[in-house]
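Any value given below was found using the heavy atoms of this structure, including those in side chains, with hydrogens, waters and symmetry copies removed. Naming: A, B, ... by sequence-line order, numbering from 1 per chain.
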2 protein chains.
Amino acid sequence: MNEVKLSTLDDAVGYWLRRAQLAVFEDFARRFVALELTPAQFSTLIAIRDNPGRRQSDIAAALGIRRPNFVALLDELERRRLAERTPSGADRRANALRLTGAGEALLARALAAQHEQESAIRAHIGEAERDTLVATLRRLVEF
Amino acid sequence: MNEVKLSTLDDAVGYWLRRAQLAVFEDFARRFVALELTPAQFSTLIAIRDNPGRRQSDIAAALGIRRPNFVALLDELERRRLAERTPSGADRRANALRLTGAGEALLARALAAQHEQESAIRAHIGEAERDTLVATLRRLVEF
DNA sequence: TATTGTTATACTCTATAACTATA
DNA sequence: TATAGTTATAGAGTATAACAATA
């Protein structure tokens, strides 16, 4: 196949943002396949560990996940005995979320895998560039 | 809702890459809603304009779109008389792609809208930071 | 009345297998 | 046999409406 030109896309932030995100997420998927964790499940485990006892709605909202879509995700984490829905004391409508011992153990392994990915990125694009990248991306989110 | 902590995600390239990409694509969608063009349709119009007469497969591959998924996308562009499938001379299996006059006209408006988005991004994060961002994202794609 | 968790549902993206017509 | 375009289909991911229990 002869080369196909894509002149206008070659300097577009949106285009490279999408391609870079796909590349990093594919690498993430490779590293996490053994742990059987999707990005959404991984960030959910982090959010629960950092905020034990919080309501489903709060955790879901913080992660940008709609409440209805969070139900099946939690069902699966509970089925695998990684997280639990426990009674929320005062409000009997709410579920308080907590990690199990197995959940904390798996999260520890996942955090190690994530750390390896961050190190690989640092090695590939450079330490300073990585810090600049994260800083710029954070400003872009407010955009 | 009290604040929810997300310690570990706060310095992760993958996390901010995803959030920034969502923010930029939401802005893109707002700017392109009047043109009724998705990112995939927009980049397809660019690819066809830059490579008139090329086969479907080549254009799809250059955009990272699987051949089966490219069919409906092209059907829609043809239905709206923005692009055409024409006979490809030698090989009677292949379709050569071209933009119509209407397609070129709409693409011109789309490119203007994209240019406005790029200007807005430059204004928000700064000229030099934007160039550094694109350069870093391109290196990240090889990752 | 409003909110929490849930069910049902639908729409978009993306992926694969297999067909047809040509090569 | 292999390739170009196509069909059918299935799986994620994400969106909304509406319900039961509770506030």
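Following rounding to the nearest Å, B/Gln56 (CD) and D/dT7 (P) show an atom-to-atom distance of 11 Å. If you measure from atom CZ of A/Arg67 to atom P of D/dC19, you get 19 Å, rounded to the nearest angstrom. Rounded to an integer number of Å, the gap from CG of B/Leu73 to C1' of D/dT6 is 15 Å. Rounded to a whole Å, the CG atom of B/Leu22 is 8 Å from the P atom of D/dT14. Distance B/Glu26 CD to D/dT14 P: 12 Å, rounded to the nearest Å. In this entry the distance linking CD of B/Glu78 with C1' of D/dG5 reads 12 Å, nearest Å. Rounded to an integer number of Å, the gap from CD1 of B/Ile65 to P of D/dT6 is 14 Å. Remark: P of D/dA12 and CD of A/Glu36 are 13 Å apart, rounded to the nearest angstrom.
Remark: B/Arg66 is not in phosphate contact with D/dA10, judged by side-chain N or O atoms under 4.0 Å from OP1 or OP2.
Protein chain B contacts DNA chain C from C/dT14 to C/dA23, reading 5' to 3' and using non-hydrogen atoms of the protein with a distance under 4.0 Å.
The side-chain heavy atoms of A/Glu36 and A/Leu106, taken from C-beta on, include no pair separated by under 4.5 Å. Between A/Leu45 and B/Thr8, every side-chain heavy-atom pair lies at or beyond the 4.5 Å cut-off.
Comment: A/Asp75 does not engage A/Arg80 in a salt bridge, judged by the lack of any side-chain N to carboxylate O separation of less than 4.0 angstrom. A/Arg31 and A/Asp27 are joined by a salt bridge, as a carboxylate oxygen and a charged side-chain nitrogen come within less than 4.0 angstrom of each other. A salt bridge is absent between B/Arg49 and B/Glu104: the closest approach of a Lys/Arg side-chain nitrogen to an acidic carboxylate oxygen does not fall below 4.0 angstrom. Between B/Arg130 and B/Glu118 there is a salt bridge, since at least one side-chain N of the basic residue sits less than 4.0 Å from a carboxylate O of the acidic one.
Using modelled atom types, one finds no donor on one side chain facing an acceptor on the other under 3.5 Å when comparing B/Gln56 with B/Arg67.
Within the 4.0 angstrom heavy-atom criterion, base atoms lie near B/Asn69. Residue-level contact check: A/Ala90 touches the backbone only, with heavy atoms under 4.0 Å from sugar-phosphate atoms and none from bases. When heavy atoms are screened at a 4.0 angstrom cut-off, A/Arg92 is found touching the sugar-phosphate backbone but no base atom.
With the nearest nucleotide of DNA chain D identified for both A/Pro39 and A/Pro68, A/Pro39 has the one nearer the 5' end. Each of A/Leu74 and A/Arg93 was assigned the nucleotide of DNA chain C with the nearest heavy atom; the assignment lying further toward the 5' end belongs to A/Arg93.
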